[in-house]
Each structure stands twice: as structure tokens, then as C-alpha cells.
Amino acid sequence: MRRSRRSTARPASRLAPLAVAGCLALAACGTSGGESDEADTTAAPTTEAAPDTTATEATDAPATTEAAATPTTEAAPTTVAGPPADLVLGFDLSSGDINATREKYGVEGQNTNLLPEDYVVALLDHYNEQGGIDGHEIVPLNYTAAGDVAADVRDQERCETYFNGDVVADVVIGTNSAILNGCATDAERIVVGRGFTGLTESELEAFPGLINPQAATYDRVARSAVQLAVDEGLLTDGTVAAVVYPGCENTSEVFELALRPAIEEAGGTVTAFEGTCIRSQADEGTAIAELPNAILQFKADGAEVVFNLTTGFIPVSLMMNEAENQGFAPAWVLTSNNEFGAITSMNPPAAQLANTVGAGWTAALDTFELDPANLGPKAPECLETFASIGFPAPANLGELASQLDACGVFWALEEMLTGAAELDRDTMLETLLASTEDTAALTNSIDWTSGRQPAASYRPARFDAATGRFAYTGDAVAMPD
């Protein structure tokens, strides 16, 4: 295996894939499920000097003429270029055993009960079998949580695993975590966000190594929801607009700095409900239990339209059911962050769906159907790659999204590494943001030259009672800055 980059002097080493168990801050991290890292003490190849040439012999000449020795010119040393450096890729591994993950997808088509990480491991192996990315082999560095620990504890453990060990990750496939992103910033490393839920504008500014291949900034999404509501005639002067948002730092910021000002600029007034920030499984139950109170408040305040800064379709579906129970029928304005296409799987009341619109940029999930026409331009290549590895065609949208999302991560790595002079953060990002290739698979289209959250447009959608699904009602609209 090629030389791997390390945290300080980066000595030459040969790394076996590392599956590092989670550990508390300041505690020792051990390896699990993989071979231990053994340092290669062999010295790097040295350049050899060309052999000396001796003086030319004298030729037969008159005795009075001495043969002059011709000075020799020593050949310049030949420099042997080393192989490209490895890219150390950090990502979570629930089992702690990367070989167990490989067995799940690699043995006689077993690939059942797969997790998003399994698709990442499959692509990692596939790329390495093809010689890596632009000659760079991808070395996995994994974190495994020890049970159901709080999110902030997990993130501290991730920091120790990915950035404070003998081997340091160059790129981490991460979550939207201020702790992890802060550690990556301090270490001058890159974090690639998963899925299509974006980061806030201030997070991007604070964490210069943060990217998300299939997302738009949370702020732009919030403004897009307001723009859609205005275009659909749901938000005008005097409209009472309800907003439900988790009390997390990022969603609170988006509400105060983007969503509320946009609603008020459009002439609306705001009634807001701040819910529990979900940081653990216990918080999920609390957040769900609060939803009836939100609906009660919105109905009492005379809300006519509801905006939702929660993520996923379950909170919205539960709120719709509660609104029906309380005889409250507002308009609902959703986005791809709410996975609005999947709401129909929860069978919410038809009266609530009748006046529901969405701003969408993840076509397959917005329309909730496996229609190739609703995928990004690189989706066919992604599906063909997984088929060549041995995966069956996606049987549902969850499998489809996991495959396309994993491809999006590795295509971002391709754009970062191909032609990059060095594997430092700034050089790789500069290379990425100069790319003009549309590598969208899960999203409709992306443009890396527009920034580190390259989804920059949405399409308006509305629930279609005839088909029981959401359908796009117009062409792409630029997300407002």
C-alpha cells in the first residue's frame, strides 16, 4: 500500500485498512476488526549517481605528443518519483468490522439489511480495485460508537479517532455537527456531509472544509420556501404564518436570520413554536410528544400557512394528523428537507394534503417514485456501478437514495483529487470548486462553481390527488440568496 499522510512529519508507512473503535476524549483508541498498523521502516528509495567514466586511453601518436585525458561529465542523478499519497477516508462503521460489512454485500448476493455505510465500503473497495482515484488509494479509518451514547459524546470520540491518532483522516464523511466540524477545521481537514439537508451559511463560513455534494444551504432553502408560498398565493400581506423548528443552534439561526425576515418581508406575521433539539433517542420521543402543543398554538393564533424546519417526513405527517384531529386545516409549505414525497406513505388526511406544496431538488424523493427520468444526469452510471459490484437494482427509495448518495460522495472525491497538486484541504477544495462537471445523481443538478453546497435551484411541486403522489408543477427556480 502506498505511503499514507500522517499528522506531523508524515513518515512513510504502509497501512492496512483501519477499523478504530470509538473512545472517549483523552482515552487510548484501539483497533477493532482490522489489522494493526505496522510502520514500514524501510528507507525511501534513494537516487543513484551514474557510474564514473574513466579517462580515454591515449591513441598511438608521435612520441613527442602526450595523450590528453578528456575530463568526464558526470550524469545527473535520476529521481525516482514515488507513488501518489494515499487518501485516508474517515467514516462511521456500526459493526466495528469492515470485513463483516464486505460480507453483507459480497457473498452470493446476500446484500440485505444494508446500512448507508455499507454502500460506502462497497464503493471504496471498487475504486481501490480500479487503482484508486487518480492513483490515490483510499484507506478507511473508522469510528464505532459504544452503544447509545449522546450525540456530543459520539462527536468527541469521532474527533479523537479521525484527527488525534497516529493516522489522521484527510476527508471525513460526517454529520452536521459543530463539534466534529470544529475538530476538522482545527486539523485543516475536509468533512463531506451526507444526504440533502444542508448546512447554514454561518456554518460554511466557520468551517471552511465543510461541503455537501447534494444540498443547498439551510438559509437558501428557508428563503425558497417563502418564495414558493408567495408564488402560490399562500403568503400575502397580513397572512399569519406558523413556523415549527427544533431548538438547535443551526435551526434557531435559520429561523431568526432567514425564515422570519423573509416571511415578514413578504407581509406576513409569524407565530413560532420552538421544539426540542434532537440529540439522542430520548429527545426524539420528547419532540414528537410536543407536536400537539404546536398545533394547538397555531390554531389559537389563526395561522393560515405552516412552515416546518424539522427534517424528515415523520414530524410533518404527525402534525397533519394532529391538525385534522383539532379541526385545523392550514396550507403546508415543505421542502426536500422534509422529504415531502414520502409523507403519503404515512397516509395523512386528504384534507391536509390538498393544500400542500413543496420546493424540491431531490427528484426521486420529491415524487416518491422510481422513475429514472426524475434522477440526476449521473444516476444511471451510479446504478450501473453498483450492479457491477453485485448489488440488485434498488427495490425502494431508501435503497435508491443510499446508492445515489454514496456515489455523490465519491464523485466529489474524484473532483477533489483529479489533478490536485497536493492532498491538503485548500488545494483539494480549490480543485473541486473549479469543476464544471454536473455530477448530480440524487439531486436534479449541481454546480460546484457556485459553492460548497452546489444545489442552487428547486422545482415547485404540489400533491396530486389523482395519483396519490406529489408532482412537479413547474421548471427549476433559482434559490434566493
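Under 3.5 Å, the side chains of D155 and Y143 contain no donor-acceptor pair of N or O atoms. No side-chain donor from either of Y218 and E203 sits under 3.5 Å from a side-chain acceptor of the other. At a cut-off of 3.5 Å, with distance as the only test, no side-chain donor of Q214 or T362 sits close to an acceptor on the other residue. Donor-acceptor pairing under 3.5 Å is recorded for the side chains of S202 and E253.
Note that CD1 of I190 is 6.5 Å distant from CD1 of I211, once rounded to the nearest 0.5 Å. Distance check, rounded to the nearest 0.5 Å: CG of D170 to CG of L89 gives 9.0 Å. Annotation: the span from T276 atom OG1 to R279 atom CZ amounts to 9.5 Å, rounded to 0.5 Å. In this structure, T418 OG1 and L413 CG are separated by 10.0 Å, a value rounded to the nearest 0.5 Å. Distance check, rounded to the nearest 0.5 Å: CD1 of I133 to CD1 of I138 gives 4.0 Å. Here the CG-CG distance, from L383 to L400, works out to 6.0 Å after rounding to the nearest 0.5 Å.
In this structure, the side chains of P213 and W411 stay at 4.5 Å or more apart for every pair of heavy atoms. Side chains of E399 and Y119 form a contact here, defined as non-hydrogen atoms less than 4.5 Å apart. Looking at heavy atoms from C-beta onward, D231 lies out of side-chain contact with P460 at the 4.5 angstrom threshold. Side-chain contact between Y245 and L259: absent, with no pair of heavy atoms (C-beta onward) separated by less than 4.5 Å. Put simply, the side chain of S445 does not reach to within 4.5 Å of the side chain of W361, judged on heavy atoms. Looking at T431 and M416, their side chains never come closer than 4.5 Å, going by heavy atoms from C-beta outward. Looking at heavy atoms from C-beta onward, V409 lies out of side-chain contact with V120 at the 4.5 angstrom threshold. Here the side chains of F410 and V192 are not in contact, with every heavy-atom distance at 4.5 Å or above.
With hydrogens and angles disregarded, no donor-acceptor distance shorter than 3.5 Å links the side chain of R462 to the backbone of T473. With hydrogens and angles ignored, the 3.5 Å screen pairs no side-chain donor or acceptor of N338 with any backbone N or O of F340. Looking at D366, its side chain never comes within 3.5 Å of a backbone N or O of F470 through a donor-acceptor pair. Panel note: side chain D447, backbone T449; a donor-acceptor pair is recorded below 3.5 Å. The closest donor-acceptor contact from the side chain of Q403 to the backbone of C382 lies at 3.5 Å or more, if one exists at all.
Annotation: E430, atom CD; neighbour count of heavy atoms from other residues, nucleotides and ligands within 6.0 Å does not exceed 12. No more than 12 heavy atoms of other residues, nucleotides or ligands shown are found within 6.0 angstrom of CD on E422. The neighbour count for D186 CG, taken as heavy atoms of other residues, nucleotides or ligands under 6.0 Å away, is above 12. Annotation: E249, atom CD; neighbour count of heavy atoms from other residues, nucleotides and ligands within 6.0 Å does not exceed 12.
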**Message:** Would T310 and N308 count as a side chain to side chain donor-acceptor pair (under 3.5 Å) here? Give the steps.
**Reply:** CA-CA 6 Å; T310 62; N308 199 313; 2.3 Å; yes
**Request:** Evaluate the criterion side chain to side chain donor-acceptor pair (under 3.5 Å) for residue pair S280 and D148; output intermediate values, then yes/no.
**Result:** CA-CA 8 Å; S280 67; D148 181 25; over 6 Å; no
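Across every non-hydrogen atom of L432 and A412, the tightest pair is CD1-O, 3.8 Å.
Ion pairing between K378 and D438 fails under the 4.0 Å rule for side-chain N and carboxylate O. Taking a cutoff of 4.0 Å between a charged side-chain nitrogen and a carboxylate oxygen, R223 and E201 qualify as a salt bridge.
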